[in-house]
Amino acid sequence: MIAAPDRTPLSRDFFDRPVLDVAPDLLGRVLVRRTPDGPIELRLTEVEAYDGANDPGSHAYRGRTARNSVMFGQPGHVYVYFTYGMWHCMNLVCGEEGRASGVLLRAGEITEGAELARERRLSARNDKELAKGPARLATALGVDRSLNGTDACAGPDSPLTVLQGTPTPADQVRNGPRTGVSGPGGVHPWRFWIPNDPTVSPYRPHTPRRRT
DNA sequence: TATAGGATTCTCT
DNA sequence: GAGAATCCTATAC
């Protein structure tokens, strides 16, 4: 018998730790997105760590800007950015305030509100693809820049909360190179996932884009 | 099934 | 003006 996931929100202290401790510990946790149409819940299966100013792959590497200012704030908040002209991706800020570390949420399994997620992800061929990839995850949950800076530890009044869920034992977590990160930052094996989970996104090395 | 290339707009240099 | 923590579709095999 598998114990039901713990529905207690994660505390600020959970996120106020080194990003490489927080990232693997997020696997199996439950993200709750409350929308006017109803809640959507997602069990995290894949994340990536970004270590602020020390990490060439991080948006915060070149210092604080208007775009990344949330990353420099209090841990436990949500950093949402817009990329490639059409997609949003979301991070959870962690580590001490000012360090600008964060965990990119790359993939997960929709465990509640799949109908609402399907309406947003019409191109998904099956439910495993609803949140298979960081931009797909944000799309399925209806996350955009309006949620940038949301406190994910605030409890049921917040549009976005992370619950204790069912943490994945450390010896069952796999790690490897981060996806799509160019330059020296790409070498860090800071991508963490639950092995053999069908919702984990395929690894894609960084490919430079050409303009026409 | 694998791979290549286009889409589209924000952000920073 | 260049590049971006990506995704989707068409094409080739």
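In the text below, chain A, chain B and the rest are named by the order of the sequence lines, each starting its count at 1.
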Can you check the [X] [atom1] to [N] [atom2] distance for me, whole Å?
X: Glu129(A); N: dT6(C); atom1: CD; atom2: C1'; result: 14 Å
X: Glu48(A); N: dT6(C); atom1: CD; atom2: C1'; result: 12 Å
X: Tyr81(A); N: dG3(C); atom1: OH; atom2: C1'; result: 14 Å
X: Arg67(A); N: dT11(B); atom1: CZ; atom2: P; result: 7 Å
X: Asn148(A); N: dC10(B); atom1: CG; atom2: P; result: 15 Å
X: Tyr61(A); N: dG3(C); atom1: OH; atom2: C1'; result: 17 Å
X: His188(A); N: dA5(C); atom1: NE2; atom2: P; result: 15 Å
X: Tyr84(A); N: dC12(B); atom1: OH; atom2: P; result: 16 Å

Practice prompt. Please determine if Arg178(A) forms a cation-pi arrangement with Tyr50(A), meaning its NZ or CZ atom is less than 6.0 Å from the six-membered ring centre and no more than 45° off the ring axis.
Written response: yes

Worksheet item: Quick one: is the NZ or CZ of Arg17(A) closer than 6.0 Å to the six-membered ring centre of Phe14(A), and within 45° of its axis?
Response: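 Yes.
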
Practice prompt. Examine distances only and state if a side-chain atom of Asp127(A) and a backbone atom of Leu130(A) form a donor-acceptor pair shorter than 3.5 Å.
Written response: no

Item to complete: Just compare dA4(C), dC10(B), dC7(C) and give me whichever is closest to any side-chain atom of Thr83(A).
Response: dA4(C)

Worksheet item: If you check every side-chain atom of Phe82(A), which of dC10(B), dC7(C), dA5(C) has the closest atom?
Response: dC10(B)

Worksheet item: Given the rule that I, L, V, M, F, W and Y join up when any side-chain heavy atoms are under 4.5 Å apart, are Leu20(A) and Leu92(A) in one cluster?
Response: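 Yes, Leu20(A) connects to Leu92(A) through the hydrophobic network.
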
Worksheet item: Is it the case that one hydrophobic cluster holds both Leu137(A) and Val181(A), taking links as side-chain heavy atoms less than 4.5 Å apart, direct or via other members?
Response: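 Hydrophobic grouping puts Leu137(A) apart from Val181(A).
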
Practice prompt. Once you apply the 3.5 Å cut-off to both distances, tell me the Watson-Crick or G-U wobble partner of dA5(C), or none.
Written response: none

Worksheet entry | Watson-Crick or G-U wobble mate for dT8(B), both contacts under 3.5 Å |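 By the stated definition (distances under 3.5 Å), nothing pairs with dT8(B).
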
Worksheet item: Checking all strands, does Gly133(A) fall into the base, sugar-phosphate, or nothing category for heavy-atom contacts under 4.0 angstrom?
Response: sugar-phosphate

Practice prompt. Looking at every strand, decide which applies to Arg121(A) at a 4.0 Å heavy-atom threshold: base, sugar-phosphate, or nothing.
Written response: sugar-phosphate

Worksheet item: Does dT6(C) have OP1 or OP2 sitting under 4.0 Å from an N or O in the side chain of Arg178(A)?
Response: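 Checking dT6(C) against Arg178(A), no side-chain N or O comes under 4.0 Å of OP1 or OP2.
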
Worksheet item: Any side-chain N or O of Arg145(A) less than 4.0 Å from the OP1 or OP2 oxygen of dC10(B)?
Response: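 For dC10(B), neither OP1 nor OP2 has a side-chain N or O of Arg145(A) closer than 4.0 Å.
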
Worksheet item: Can the ring centres of Tyr81(A) and His59(A) be said to be less than 6.0 Å apart?
Response: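 Centroid separation for Tyr81(A) and His59(A): below 6.0 Å.
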
Fill in: Nucleic acid contacts of residues 85-115 of chain A, taken as heavy-atom distances under 4.0 Å to DNA chain B
Gly85(A), Met86(A)

Discussion item. Could you walk me through whether Thr161(A) and Arg33(A) satisfy the side-chain hydrogen bond (donor to acceptor under 3.5 Å, both in side chains) test, starting with their C-alpha distance in whole Å, then the side-chain angles of each, then the deciding distance to 0.1 Å, before giving a yes or no?
Written reply: CA-CA 7 Å; Thr161(A) 310; Arg33(A) 167 77 172 109; over 6 Å; no

Worksheet item: For Tyr50(A) and dA5(C), is the gap between ring centres under 5.5 Å while the planes differ by less than 30°?
Response: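 So Tyr50(A) counts as stacking on the base.
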
